[in-house]
Amino acid sequence: MVSYDRDFSGAHTPLMPKALVAYVRITNRISRWTGYVVMYSIFAMMGVLLYSSFAKTFSVPPLWALEVSQFMMVAYFLLGGAYSLLMDAHVRMDLLYGTWRPHTRLAVDAATAVFLIVFLVLLLFGGVSSALYALEYGERSYSAWRPYMAPIKIVMCLGILLMLMQAVAILIMDVARLKGLDIDSGLPAGDGPT
């Protein structure tokens with residue numbers, strides 16, 4: 001159901017369906033909150049690596065430090081992916097994009113969002129399958145420390161799910177902008193997708 005609102009001239013202008021607007025706002029809030037939390041996890045990762053360096057210098061290095069820091073880096077990148085999409089901080093090849101009209105950019109952004117969504121759905125399917133396998137069979141790493149793999153695989157699936165949710169929200173915002181509508185995403189002016 002499309003709702004209508006009056007603009008300043010008194011004419012009726014269509015707005016986005018309330019469910020889509022609510023989805024975009026909730027997803028943007030979740031991505032922003034997750035991004036802020038994950039942003040500060042870099043200090044925990046630095047602490048693990050610093051401890052490992054001191055232990056290596058003054059005694060025997062711990063077996064777990066390198067692998068824990070690798071797991072933390074995976075979580076950092078995947079859980080921060082949705083925030084990166086929200087802030088439009090991902091890498092974009094700007095050979096032609098910068099010369100296009102804004103409408104053409106929005107159309108290309110919407111089309112690439114569809115491809116991103118398909119990729120993330122396939123990635124999530126494989127990730128869930130791998131996480132279920134790790135849970136069912138108690139899969140462990142092949143390192144000397146041999147940690148269980150299920151926790152990091154579950155975190156990976158969560159990060160992929162958050163990126164998928166944000167990609168759908170970006171697609172909705174791009175389609176709305178193509179129609180001349182704007183969904184208030186709650187971002188400060190100049191931040192986020194344009």
Side-chain angles (χ1 to χ4, degrees), residues 16-49 63-93 108-176 183 185-187 192-193:
M16 289 297 288
K18 290 180 182 178
L20 293 180
V21 173
Y23 174 81
V24 168
R25 287 182 178 167
I26 290 168
T27 301
N28 287 353
R29 274 192 214 119
I30 291 169
S31 295
R32 191 175 301 110
W33 181 83
T34 306
Y36 289 152
V37 170
V38 170
M39 187 184 319
Y40 293 108
S41 72
I42 193 82
F43 295 113
M45 192 179 344
M46 288 169 53
V48 168
L49 291 172
L63 293 175
W64 56 268
L66 179 63
E67 204 151 18
V68 165
S69 63
Q70 289 172 344
F71 288 167
M72 291 175 79
M73 184 60 77
V74 167
Y76 179 78
F77 279 114
L78 285 175
L79 291 174
Y83 182 75
S84 177
L85 287 174
L86 174 66
M87 292 294 126
D88 203 20
H90 49 83
V91 176
R92 175 182 287 137
M93 290 298 294
V108 170
D109 286 346
T112 55
V114 171
F115 289 115
L116 177 62
I117 290 167
V118 170
F119 172 73
L120 289 171
V121 165
L122 294 173
L123 198 61
L124 183 61
F125 178 75
V128 168
S129 173
S130 181
L132 290 174
Y133 176 86
L135 283 169
E136 184 176 349
Y137 294 104
E139 181 184 11
R140 290 175 163 258
S141 171
Y142 293 111
S143 68
W145 180 42
R146 294 187 39 82
Y148 286 103
M149 296 300 293
I152 191 60
K153 288 186 177 189
I154 291 169
V155 169
M156 290 170 62
C157 290
L158 180 61
I160 294 166
L161 178 64
L162 289 172
M163 282 191 282
L164 177 61
M165 290 171 55
Q166 189 60 52
V168 170
I170 288 172
L171 177 62
I172 292 168
M173 289 189 289
D174 286 343
V175 169
I183 296 177
S185 61
L187 294 172

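All values below come from the heavy atoms of this structure, side chains included, with hydrogens, waters and symmetry mates left out. Keep in mind that what you see is a predicted model, and the values were worked out from it rather than measured. All residue numbers refer to positions in the sequence shown, counting from 1.
In this structure, CG in Leu171 is found 10.5 Å from CG in Asp109, a value given to the nearest 0.5 Å. Remark: Leu124 CG to Met156 CE distance equals 11.0 Å, nearest 0.5 Å. From Met165, atom CE reaches atom OG1 of Thr27 across 4.0 Å, with rounding to the nearest 0.5 Å.
Between Gln166 and Asn28 the shortest side-chain heavy-atom distance falls below 4.5 Å. Put simply, the side chain of Tyr83 does not reach to within 4.5 Å of the side chain of Leu162, judged on heavy atoms. Looking at Val155 and Phe71, their side chains never come closer than 4.5 Å, going by heavy atoms from C-beta outward. Taking 4.5 Å as the limit, some side-chain heavy atom of Tyr23 sits within range of a side-chain heavy atom of Ile172. Within the 4.5 Å cutoff, the side chain of Asp88 has no heavy atoms near those of the Ile170 side chain. Put simply, the side chain of Leu116 reaches to within 4.5 Å of the side chain of Leu85, judged on heavy atoms. Counting heavy atoms from C-beta outward, Met149 and Ile152 have side chains that approach closer than 4.5 Å. Within the 4.5 Å cutoff, the side chain of Met163 has no heavy atoms near those of the Leu123 side chain.
Within 6.0 Å of the CH2 atom in Trp33, the count of heavy atoms belonging to other residues, nucleotides or ligands does not exceed 12.
In terms of modelled atom types and a separation under 3.5 Å, the side chain of Ser130 and the main chain of Gly126 share no donor-acceptor contact. Side-chain N or O atoms of Ser129 include none that pairs as donor or acceptor with a backbone N or O of Phe125 at under 3.5 Å. In terms of modelled atom types and a separation under 3.5 Å, the side chain of Ser41 and the main chain of Val38 share a donor-acceptor contact. No donor-acceptor distance shorter than 3.5 angstrom exists from the side chain of Ser84 to the backbone of Gly80, with no hydrogens or angles considered.
Contact detail for Arg140 and Tyr148: the closest heavy-atom pair is NH2-OH, 2.9 Å.
Ring geometry for Phe43 versus Tyr40: interplanar angle under 30°, hence parallel rather than tilted (30 to 60°).
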